[in-house]
Structure formats: structure tokens, C-alpha cells
A.B. asks: 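Below is the structure I would like to discuss, written out as C-alpha cells.
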Protein chains: 2
Amino acid sequence: MRKTPTVYDVADRAGVSIATVSRVLRTPDTVRPATRERVLDAVAELGYVPSGSARGLAERRTGVLGLYFPRFDAMDEVAALDVLSGDRVGPFTIVQDAEPRDDRGSMLFQDDVLRGAELEAWRRGFVLMVGIGRGDPRTSTVRDMAGRVDGLVVLARSIPDDVLVQLSARVPVVILAGPRRGDRYDHVTVSDAEAMGELTRHVLAQTGGRAPAYLAGPADSPDGAQRWQGFSEAIEAAGVPIASVPVLRGDFTRSSGRRIGEELVARGLPAALMSSNDRMALGALDAFRDGGVRVPVDVVVTGFDGIDVGAVSAPPLTTVRQPMIQLGRAAIQVLAHRLSAPDADPVSVSLPVEIVLRRSSLRSS
Amino acid sequence: MRKTPTVYDVADRAGVSIATVSRVLRTPDTVRPATRERVLDAVAELGYVPSGSARGLAERRTGVLGLYFPRFDAMDEVAALDVLSGDRVGPFTIVQDAEPRDDRGSMLFQDDVLRGAELEAWRRGFVLMVGIGRGDPRTSTVRDMAGRVDGLVVLARSIPDDVLVQLSARVPVVILAGPRRGDRYDHVTVSDAEAMGELTRHVLAQTGGRAPAYLAGPADSPDGAQRWQGFSEAIEAAGVPIASVPVLRGDFTRSSGRRIGEELVARGLPAALMSSNDRMALGALDAFRDGGVRVPVDVVVTGFDGIDVGAVSAPPLTTVRQPMIQLGRAAIQVLAHRLSAPDADPVSVSLPVEIVLRRSSLRSS
DNA sequence: TTGAAAGCGCTAACAG
DNA sequence: CTGTTAGCGCTTTCAA
């Protein structure tokens, strides 16, 4: 692979100046057709592709938008792997009846956010750069990214406030899917609280007003905060003191849900169990099934997120489905808006969610 | 947001030259601690983040690697959506018992490729840019990307050969997960053919040597080609003329599998049905269940891909699980290797897959 | 319609 | 240890 061609090479070959080459590429109809052809031929022959760096420097915009996620659980600790070392193990291995891997974390849903973001970025002529939070946010990827993009979408809580302030001195930042932080930034979120409130009312109707237990995630989860808020407000509004509601704490994994489910089976069931995510709810269903507990007759169960396996669990799981693709699209839209109107007031958009009622919460059906 | 600060601003503020600022950022210990402190203070006060474009130009490398996917099925046609228009529909909607969406295409698996790639890129100090194939590949995203990255991973068949030649004149290209195309490029793939061969032998053992029917995808699928190859070789090796094997053609969706399954129920069952992907196999299982066909007693069924829902289907589906995360990692590793040794011979890596035996193919258990 | 030339912000010799 | 300076490859006036 010899030296990559530049405008100068193209200009030489076509017998024009570099300015003309640039014009052919950026504003084709300002150059005479014959000249244009010569230049395009030279481009093709040389396999010329303009340097994004040089272009970015000159134009003072990169045409790149960034999407920054919080870390995938445990992915950091993945062992080093060297496929080039040559010590491989043959073309396949055989295993019996493997379980689906639970270790991909709660982050599955982020795939759709990425899809939506990429789609919308493409529609607007941008390309997308992705980064995942890990290591010290003060020095890591996200700063790199900020230097290379025209704007940045940051998933809730993936970086601390002071870093955010720094970054936003260089590029516009849109906060995605977390609680609003002041109103310095543009913001896109979902109606988690409202949906959890409505779901809670639904559950109370099923249990005849008897209070559900709440299955929470780690204490510092911002998503969890909104869901809890919706839940507790609905509970209080129904005249039940929130302090009287049992709160169980898991870590968002299916196995933690199962463990808690087993405890409930042993110690006595609540009228309903409302989980702050689907995976814990599914774990609880596992425990209930094994313990001979009938859902929804003995206990009503609900989840939150709308992951696919919830539709085929036994029984199928009532949940709240997040509009992930739309979230990604919305974030890029807001960013594009900001880019075209740098001084407009900060925007805050809240996307509707979908409450999906299935057998796990439907006693009557 | 006022003008973004540059090295010059930082240098002024710290009372040093721009060279010193650059040193503090790139080789901190070549600078006297006192000076260094002053510079870092200025950086913090100004919220300075270096321009990736300028850096890229000067260093002649961007620190960015690109990952280019073929298009997600049907995602292009997604309607425009304007979240800023203000005509929203309220915080939530309620639906009864929604099915999981099948429309996310066969591309789910690509999420893990992305994860693996991002992980490995990060470990090596790169950031990742992603692009999805759509529109005319000659003018689209992928060329943009090629101009902005140090190297490019391209998923099989997402771009035509002549474009590939152009791109590889600028940056190293690694082809991922397709058949090898000559040996001009580095290449990472999986042992689909071998695994399908082994799986076919397994099925023949279960059926007592009676030949399975084959459920294929669209004719032009390159993945499909390898799977078919492994299948047909194993069939012939077993002494069965491949021409005598029924080949049914679907489009990789669950519903096409279901339709074909229904036809089989109506017209007569083969001893086994081997599908070239999981989703069609699951659709066939749906049809068999509804038609009162017992799997694996009346017909043995296998899939290919290892998607999660296959573990919880009725019965659980025998399949071949692809090492998607590893694929992503391997691609980046190969790319990094190429970057550090531009003139080394092209590399070709084949990753082992995992054959997962479950009830849908186990008559004996 | 085209060319000459001045940056864009940064890195990396090379001097001092 | 620090400053001066010459590019990196491109876009964009400004003249011709």
C-alpha cells in the first residue's frame, strides 16, 4: 500500500490546480464539464478519497456525531484474546442444551438506540462514532470523541457533571434517557414515571387494592429512580402509605430476581410483585414456577423494559416497552437542531412508552 | 457557546508556546512540573479539548477505526419522525399481549460484533466509527468513513468489489464473516461449513440415516452459501445424492418458516428439517406445534445462529452459535496487526463455532 | 472558469 | 526544558 493520494496528486494528474479539484468534489457545477471529467477520471484512477482530517480542519466541522454509552456490565473484564497467535481449538465445539447467556447485561436495549441514531444521522448526512464508558471518564474515550465530532449524545449518567461541562465547551451535548440535569443541556427522555404510575394502577385493580411489593435495582440507578417515583406516587395516591410497601433490592440480573423470588416463596407472597426491569421479573417467574406458585392467581408480576423474551415466558410478562429506536433518532434530531441553531433555548423531549399487558398481570382473562 | 479554545489560547493563558502545550498533552514528562501544572490549569479553565481533525492531519493518523455493516433489513424505509414538532401522543399507550417484533431482522447478532469491536478498539486506544450500508455504495457513507479512519472492517458483501479496491487504496480493509474474496484483503470468518457438516451428521444419526429437508434463505446470501456447502457435503458423504434432498426456500424470517412448516404438515413431513437460520426454524416449530406434530419424534429440527429465544422455544432448538463478540474483536485485532505491519502477508482467521444440542434434535434423550 | 495563497489547529523536528 | 517553524491536506476568498 503506497502513499495515499492527495489533492495534489489528483491536480497534477488532471493538469489543474488543487482548488479546481476541491471544487469538483464540493461544488461540481461551478466547473466546466470537460475539466470536471478530467478531474473525476484522475480521482478514479488514483483511488483518491479526501482526508477527513484535512477537510474537518478547513471546514471547521467534521460531519461526525458521537454516541456515548455507559459501560456494558462486566465487558471490561473480558480476557485478552489473540486470534493471531495461531493456537486455535478446531472449527467447533459441541455443548448440550446451553442456556442463553445472561451476561450481556441490561444493555441489550441500547442496540436499538444505536440503530435509530445511525439511521437519523445518515439521513442528515452525518456519520456516527460510538464510544462506551469505561475507565476514568476524565481522560477516556469521551474526550477523544468530543474532539472529533460536531456534537455528542451522552446516555444518562455515563459521565460526571464536571466532565460534561468541559465537553460542552467544545461541542453541543444532548443527554439521553436520564433525569434532567438542570437545563443547561438538550435532553431526550421517556415517560417512565408516568408509565410506571399507570402500570401500578393496573396492578392495584387486579389485586383489589392490595399493595404490591417492589423489586428495585441498585440504589444508584437513575432509570430506577424514575420508575420508583411513578410507582410510589401511584401507591400513595391510592391511599396506601408507601412506607408499608415491601421493597426488595436486586441487581437487575435474572439470577437476582430468581433469588428474591425464592425468598418470597419461602417467607410468604405479596399480592403482586412489580419489578423495575424485565430480567429480574423473569427470574422471579422462574422461582415461582419452581415453587409451585401460580402467576397471576397467587401473585401478579410485572416487569419493565419490554425485552423480547418476556413475550414467551411462562406466563408471558406484562411490561413497559421503551421506544428505543425512536430515542436514538430523537437524540440525533435534537442534536442536529442544536447545530443549526446554536443559541436556541435548551430543548427537552419526552417520548411515549408502551404498556404491554400480558398474562402475568391479568387475573381476569 | 463561544469560540472553542485552541492551543493558542491555552499557550497564551499559561504563558508558554504552543509547542509546550502540545508536549504537556502528548509527552507530559518532557516538561518541567511547574510548567506542566500551569498548562494543565489553563486547559481546565478553558475547557480545552484538542481538535481531532488538526491532530489527525499533523499525525497522519486519526486514531479511529471504522466498522461497516450491510443494511438492516427494511430500516431504510422507516418513516421520517419529527420529535421537535410538538405533536406528541401522550406519555404512553397500552397494548394487549404484544408479540416480540420480528422486524429487527437477522441483524440482531451484529450487536455483539459491534460490542466486541468496540472493546478491542478501546483496548488498543482507538475509537470506533460505525456505518450501515444503504444507498449507493459508490458515493455513500463508506467512502466518508474511509477518509476518516485508519482502517476499516467491512462485513461480508456490504459493498461491491470495485469500491473495495478504491477504499483499500486509502486504508487497510478487513473483510468480516463472508467467503474469502481472493486474498488481497485480511479476512476473518467462522467455521460455518464445518459446523453445518457436523450438525448434519448428528441429524443423520438421529434419523437413522434418513435424509433431512433443507430450509434455505434467499439465494444470494453468502452466509447461506457456506451453510449449504457444509450440509451438502455431509449429505453426499453419507451416500445420499444431494439432488434427492428437498430444498425449501424462505427469506430468513420467522413467518416464512412458519408458512413452510405448514406446507410440510399438509403435504407430508421429512425425517428432519435443517434450517439455515434460527428464525425460520422457530417458525417451523410454531407450525408443527399448531399442527400437532411432535418434535423431535415425528421430525427433527435444527436452526443456525444461536439466537436467545431458541433456548426457550418449545421444544428448545438445536443450533450453531456464532462467536459474535469474538468476531468483532478478531476483526479489530487483525486490523491493528495490519496497521503495525503494513507489508505483512494477508491474514485469514477462522473462528470456531459452538454446536448447541437441544431437544428439537435429540430423539434419544 | 480557474489559479494563487492564506489559513484551519496541531505535531514534530530543530535550535537554543 | 522550551520556543520557532515547517508542514499535514483541504476549503475558500480574492484576483486574474
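Naming convention: chains lettered A, B, ... in sequence-line order (proteins, then strands); numbering from 1 in each chain.
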A.B. asks: Does OP1 or OP2 of D/dT11 have a side-chain N or O of A/Arg23 closer than 4.0 Å?
C.D. replies: no
A.B. asks: May I ask you to say whether B/Arg115 pairs ionically with B/Glu118, meaning some side-chain N is under 4.0 Å from a carboxylate O?
C.D. replies: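 So B/Arg115 does not pair with B/Glu118 through a salt bridge.
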A.B. asks: Could you tell me whether the phosphate oxygens of D/dG3, OP1 or OP2, come under 4.0 Å of any side-chain nitrogen or oxygen in B/Thr20?
C.D. replies: yes
A.B. asks: Identify which nucleotide among C/dA5, C/dC10, D/dC1 has an atom closest to any side-chain atom of A/Ala19, counting heavy atoms from C-beta outward.
C.D. replies: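 Nearest nucleotide to the side chain: C/dA5.
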A.B. asks: Are any of B/Ser22's side-chain N or O atoms less than 4.0 Å away from OP1 or OP2 of C/dT11?
C.D. replies: yes
A.B. asks: Between C/dT1, C/dT11, C/dG9, spot the one nearest the side chain of A/Leu57, thanks.
C.D. replies: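 The closest nucleotide is C/dG9.
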A.B. asks: Picking from D/dG3, D/dG7, C/dA5, which would you name as closest to the side chain of B/Ala58?
C.D. replies: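 Given the options D/dG3, D/dG7, C/dA5, the side chain of B/Ala58 is closest to D/dG7.
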A.B. asks: When you get a sec, tell me which of D/dT11, C/dC8, C/dC10 is the closest nucleotide to the side chain of A/Arg60?
C.D. replies: C/dC8
A.B. asks: Just compare D/dG3, D/dC10, C/dC10 and give me whichever is closest to any side-chain atom of A/Tyr8.
C.D. replies: D/dC10
A.B. asks: Taking the minimum atom-to-atom distance to the side chain of B/Ser51, which one of C/dC10, C/dA4, D/dG3 wins?
C.D. replies: C/dC10
A.B. asks: I want to verify a distance call: between C/dT2, C/dG3, D/dT11, whose nearest atom is closest to the A/Arg26 side chain?
C.D. replies: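 Shortest atom-to-atom distance from the side chain points to D/dT11.
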A.B. asks: Among D/dT2, C/dA12, C/dG9, which nucleotide has an atom closest to any side-chain atom of B/Thr6?
C.D. replies: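 Selected nucleotide: C/dG9.
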